[in-house]
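Presented below is the structure to which this report refers.
So that the names make sense, note that chain A is the first sequence line, chain B the second, and so on, each numbered from 1.
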Amino acid sequence: EAGVTQSPTHLIKTRGQQATLRCSPISGHTSVYWYQQALGLGLQFLLWYDEGEERNRGNFPPRFSGRQFPNYSSELNVNALELEDSALYLCASSTGHMNTEAFFGQGTRLTVV
Amino acid sequence: DQQVKQNSPSLSVQEGRISILNCDYTNSMFDYFLWYKKYPAEGPTFLISISSIKDKNEDGRFTVFLNKSAKHLSLHIVPSQPGDSAVYFCAASPPGTYKYIFGTGTRLKVLA
């Protein structure tokens, strides 16, 4: 069974541009989570989608947005990129049921120059 | 406000000995806790979890202990192996939100 897949693996953008990151959850999983791991920091919660709707977002500016598609895959969009947005962006999926673990993809390394 | 805290950024242990990684949380309503292991350039891998109705959960070399009164959980790895060298994150799931709040991680180095 395929795990959570993210694309691209690496992404280099210039300041002010937009970045789009993609995530395909494990088959059967309806919840998708996005996390940011900046250098030397822990996993910061960005967004949670379930059944196509945004359920919760972390303490990030509105230029971080996303969506979940009918097939439960998800996109994370980062507009007006800043140098500080350089980080590893991790996507995770779960069944959406209570007290279950989330499974992570390998991440997208975004570098803003 | 960091709701899940891992106060030790790093830990070194000799191969074969016990590794104890600690995690504290502030919200007594958290009811599900998880540990993840992360290697460089990879996504976190789920290790073990525990529900707040338990105080211990064991899976092979990994045991998680939960002390609800102290709002503290720990991960014990026995015996430690060089392949266990990684960053370990604890996470908590607030009831009803189905999201996961992570600590800042502890880098474990197991010395051969």
*Between A:Ser74 and A:Arg67, is a side-chain contact (heavy atoms from CB on, under 4.5 Å) present by the stated rule, with each step listed?*
CA-CA 6 Å; A:Ser74 176; A:Arg67 53 180 173 167; over 6 Å; no
*What residue in A:Gly107, A:Gly42, A:Gly58, A:Ala102 has the most heavy-atom pairs under 4.5 Å with chain B?*
A:Ala102
*Does a side-chain heavy-atom distance below 4.5 Å link B:Pro44 with A:Leu90?*
yes
*Where on B:Tyr36 is there a heavy atom nearer than 4.5 Å to chain A: the side chain, the backbone, both, or neither?*
side chain
*A:Phe45, B:Tyr32: one ILVMFWY side-chain cluster at the under-4.5 Å cut-off?*
yes
*asked:* Given heavy-atom pairs under 4.5 angstrom as the criterion, report whether the side chain, backbone, both or neither of A:Gln37 touches chain B.
replied: side chain
_side chain to side chain contact (heavy atoms under 4.5 Å, CB included) partner of A:Leu46, the single match among A:Tyr35, A:Tyr33, A:Tyr89_ = A:Tyr89
*Where on A:Thr100 is there a heavy atom nearer than 4.5 Å to chain B: the side chain, the backbone, both, or neither?*
both
